[in-house]
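Okay, structure first, notes after.
Letters A, B, ... mirror the listed sequences (proteins, then strands); counts begin at 1.
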2 protein chains.
Amino acid sequence: MAPPSKHRRATVHDVAAAAGISRGTVSRVLNGGYVSAEARAAIEAAIAEVGYVPNTAARNLVMRRSQAVGFLALEPHSLLLEDPNIGAIMLGANEVLSVADHQMVNLVVDSARDTERVARYLSGGFVDGAIIVSARTHDPITRVIAELKLPATFVGHPPDLHRSIPFVGIDNVGSARAITERLAATGRRHIGMIAAALDRDSGADRLTGFRAALGARFDPRLVAEVPLYDYASGVKGMRELLEREPGIDGVFAASDAVAAGAMEVLRDAGRGVPSDVGIVGFDDSSWASRTQPALSTVHQPAREIGRNAAELVLRQLRDEGPANVLLPTPIVWRASA
Amino acid sequence: MAPPSKHRRATVHDVAAAAGISRGTVSRVLNGGYVSAEARAAIEAAIAEVGYVPNTAARNLVMRRSQAVGFLALEPHSLLLEDPNIGAIMLGANEVLSVADHQMVNLVVDSARDTERVARYLSGGFVDGAIIVSARTHDPITRVIAELKLPATFVGHPPDLHRSIPFVGIDNVGSARAITERLAATGRRHIGMIAAALDRDSGADRLTGFRAALGARFDPRLVAEVPLYDYASGVKGMRELLEREPGIDGVFAASDAVAAGAMEVLRDAGRGVPSDVGIVGFDDSSWASRTQPALSTVHQPAREIGRNAAELVLRQLRDEGPANVLLPTPIVWRASA
DNA sequence: TTGTATGCGTTATCAG
DNA sequence: CTGATAACGCATACAA
């Protein structure tokens with residue numbers, strides 16, 4: 001009996017041969033099954049001898065499940081790098097998937113080529129389910145997942161097109177409204193907003209909430225639209241606001257990073273925070289405690305969101321009916337307003 | 001001919017049946033092969049009809065390659081969330097893997113349970129290779145990879161134990177020495193260092209370079225040791241330094257994030273930067289341009305590192321001999337020193 | 001308890 | 001050009 005050729009990994013077949021026992025029995029000791037002590041001993045020795053390591057991929061083919069779920073963030077990459085939220089969501093999801101003995105595989109989609117390849121990967125049987133953050137309704141990946149009926153969960157706003165896929169998120173409208181009202185209650189007269197990512201539901205919703213809070217006092221001239229939830233956008237937006245209304249004394253930034261950028265501009269302009277202008281953010285990310293003064297903001301329970309998202313795909317894997325979940329977002333009042 | 005049962009996905013077999021042609025021919029139209037126009041048309045119609053989507057996992061089993069490579073960062077998670085470098089490395093790696101039509105799968109290892117599961121995943125045939133950032137020599141995952149002879153690349157310092165695995169990195173010693181010398185050249189008398197992550201090669205090497213630059217003027221009292229490359233550590237380290245030597249007028253922070261934390265402390269303490277104390281960092285991350293004044297630092301070509309790491313595993317996949325690569329790290333002199 | 005045979009969904013080989 | 005048939009590495013129902 002010739003040894004396995006140089007670059008071939010040992011298989012069940014090999015250990016069976018080495019132990020002088022059938023493959024079926026080998027499989028039985030690997031998983032749980034009735035097998036005599038002697039047979040078990042012989043096989044375990046053989047396993048060590050030939051250096052056997054099971055091929056999970058082959059096992060999955062017959063088992064028809066991969067014990068893996070994909071995690072993908074459909075964001076511009078700059079944000080993927082900067083946003084601490086998505087990292088926390090990821091970790092939260094991994095936590096629950098891990099105890100359920102599922103492998104979380106993180107897929108980055110950063111180009112059209114990526115999109116196509118990831119779609120293939122998702123439909124190729126490598127994952128049992130998927131968690132998608134920041135889905136856009138017309139995203140090809142979202143479409144593929146829906147068509148495949150792959151168990152999935154959206155985090156963020158529910159894309160209207162795919163009612164069948166549950167989501168976990170927060171009430172962006174309500175939260176934005178609440179913190180804006182809180183800001184207004186400090187007696188500010190000219191409250192503006194740096195509205196980011198209006199092409200995304202979260203961004204649009206936050207603006208909606210802001211507008212609702214101000215009611216008749218809402219002044220469209222006082223909202224600066226910026227593309228991303230990041231620091232640079234905050235700088236840009238605050239400059240714009242200051243130029244349009246030098247008397248501005250309150251601002252709601254669409255994210256903490258945006259707020260941090262805005263505060264930088266205010267400091268350069270010699271405005272005191274919160275003495276001259278009160279500012280509030282959104283996310284309660286690490287940015288919030290890093291600013292000077294510390295930022296008042298909306299707490300976004302990122303880790304919990306991740307956990308719930310994972311839980312939701314596991315439910316579907318167990319054929320339990322999925323249910324959407326909306327997590328609470330307490331206001332964290334610090335010193336910036 | 002009964003339709004495939006409710007929750008079974010259509011297979012090659014099904015489309016063959018639907019088209020009234022053999023499976024072999026179906027496979028040929030899927031991949032490239034000689035097949036008549038009529039047969040092709042019939043099969044394509046059948047594919048659409050039954051909603052066939054290829055099972056890549058099954059294909060990989062017979063092909064003996066997964067067209068996927070794992071990417072794992074063995075970092076404390078706080079860092080994974082904060083360090084923009086690793087994100088950039090990831091994106092760089094994905095770039096080259098993507099054009100090579102390989103799927104990059106990001107694995108997070110965040111607990112002992114994760115470690116074991118990821119090791120199984122890696123050895124289970126799900127990936128053809130792996131990129132490991134911040135490997136520690138005694139990490140179980142590193143060991144598994146070495147034993148499996150899985151084509152891999154380390155990014156960072158080469159773990160001495162596994163000479164067979166190539167690495168891509170930068171010259172931490174040289175870079176640290178260079179920027180410290182540059183700082184000293186501005187006439188500073190009492191130069192300290194906030195040394196982070198000394199348990200990692202990069203951290204230890206930066207301290208070595210710092211020491212080398214100062215030579216006889218090196219004063220061990222002026223190095224504050226902190227655990228991580230993050231903002232909070234910078235705060236802690238700078239406080240320590242200020243207490244030990246109020247006359248300190250220069251500091252080399254082990255990373256930009258650390259430098260940012262340190263600058264915060266200096267500002268609170270009423271010290272001018274760079275008038276009273278000059279400060280330099282490491283990484284040239286987004287932190288560097290965000291500080292006030294902008295940070296002088298060592299540019300770390302994160303994206304290039306990622307690209308090279310990917311290239312290195314692809315080389316091994318093609319059976320080309322691997323070669324380590326050390327990337328240049330230009331000094332970027334801004335306003336903080 | 002153990003061995004045998006069959007199937008998971010593809011690709012590949014080799015006659016027709 | 002096309003159709004059987006044999007792998008790929010593993011699990012499992014069934015028979016022994």
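- Rounded to an integer number of Å, the gap from CZ of B:Arg65 to P of C:dT11 is 11 Å.
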**OP:** Start with the C-alpha gap between A:Val26 and A:Ile43, add the side-chain angles, then the distance that decides, and say whether side-chain contact (heavy atoms from CB on, under 4.5 Å) holds.
**Re:** CA-CA 7 Å; A:Val26 174; A:Ile43 288 172; 4.0 Å; yes
Listed pairs under 3.5 Å, donor-acceptor, residues 30-41 of chain A side chains, sequence neighbours left out:
residue : atom : partner : partner atom : Å
A:Asn31 : ND2  : A:Ser27 : O            : 3.1
A:Asn31 : ND2  : A:Ser27 : OG           : 3.4
A:Ser36 : OG   : A:Ala39 : N            : 3.2

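- Of the charged side-chain nitrogens involved, none lies within less than 4.0 Å of a carboxylate oxygen, so that B:Arg307 and B:Glu311 do not count as a salt-bridged pair.
- A:Phe71 pairs by the ring-ring contact (aromatic ring centres under 6.0 Å, His included) definition with nothing, not counting sequence neighbours.
- For D:dA11, one of the phosphate oxygens OP1 or OP2 lies less than 4.0 angstrom from a side-chain nitrogen or oxygen of A:Ser27.
- Scanning for side-chain contact (heavy atoms from CB on, under 4.5 Å) contacts around A:Arg113 gives A:Ser111, B:Ser98, B:Val99, with sequence neighbours left out.
- Atom CZ in A:Arg9 sits roughly 16 Å away from atom C1' in D:dC10 (whole-Å rounding).
- One interatomic measurement links the two molecules: CZ of A:Arg8 to C1' of D:dC8, which rounds to 10 Å at whole-angstrom precision.
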May I have the list of side-chain donor-acceptor pairs in residues 312-319 of chain A shorter than 3.5 Å, sequence neighbours left out?
residue  : atom : partner  : partner atom : Å
A:Arg315 : NE   : A:Gly321 : O            : 3.2
A:Arg315 : NH1  : A:Glu320 : OE1          : 3.4
A:Arg315 : NH2  : A:Gly321 : O            : 2.6
A:Gln316 : NE2  : A:Ala152 : O            : 2.8
A:Gln316 : NE2  : A:Leu312 : O            : 3.3
A:Arg318 : NE   : A:Glu320 : OE2          : 2.9

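- Protein atom NE2 of A:His13 is 15 Å distant from nucleotide atom C1' of C:dA5, rounded to whole Å.
- A side-chain hydrogen bond (donor to acceptor under 3.5 Å, both in side chains) with A:Arg117 holds for exactly one of B:His102, B:Gln67, B:Gln103; it is B:Gln103.
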Which atom pairs link the protein and nucleotides 2-6 of chain D when you take only N or O atoms and keep those under 3.5 Å?
residue : atom : partner : partner atom : Å
D:dT2   : OP1  : B:Ser36 : OG           : 2.5
D:dT2   : OP2  : B:Ser36 : N            : 2.8
D:dG3   : OP2  : B:Ser22 : N            : 3.2
D:dG3   : OP2  : B:Ser22 : OG           : 3.2
D:dG3   : OP2  : B:Thr25 : OG1          : 2.8
D:dG3   : N7   : B:Arg28 : NH2          : 3.1
D:dG3   : O6   : B:Arg28 : NH2          : 2.7

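- B:Glu116 CD: 12 or fewer foreign heavy atoms inside a 6.0 Å radius.
- Summarising the geometry, the separation between CZ on A:Phe126 and P on C:dT10 is reported as 12 Å, rounded to the nearest angstrom.
- Contacts between residues 51-61 of chain B and DNA chain C, defined by a heavy-atom separation below 4.0 Å, involve B:Tyr52, B:Val53, B:Pro54, B:Asn55, B:Ala58, B:Arg59, listed by number.
- For the pair A:Met63 CE and D:dG9 C1', the computed distance is 13 Å after rounding to whole Å.
- For the pair B:Leu30 CG and C:dA12 P, the interatomic distance rounds to 12 Å; values are reported in whole Å.
- Rounded to an integer number of Å, the gap from B:Asn31 CG to C:dA12 C1' is 10 Å.
- Ion pairing between A:Asp101 and B:Arg120 holds under the 4.0 Å rule for side-chain N and carboxylate O.
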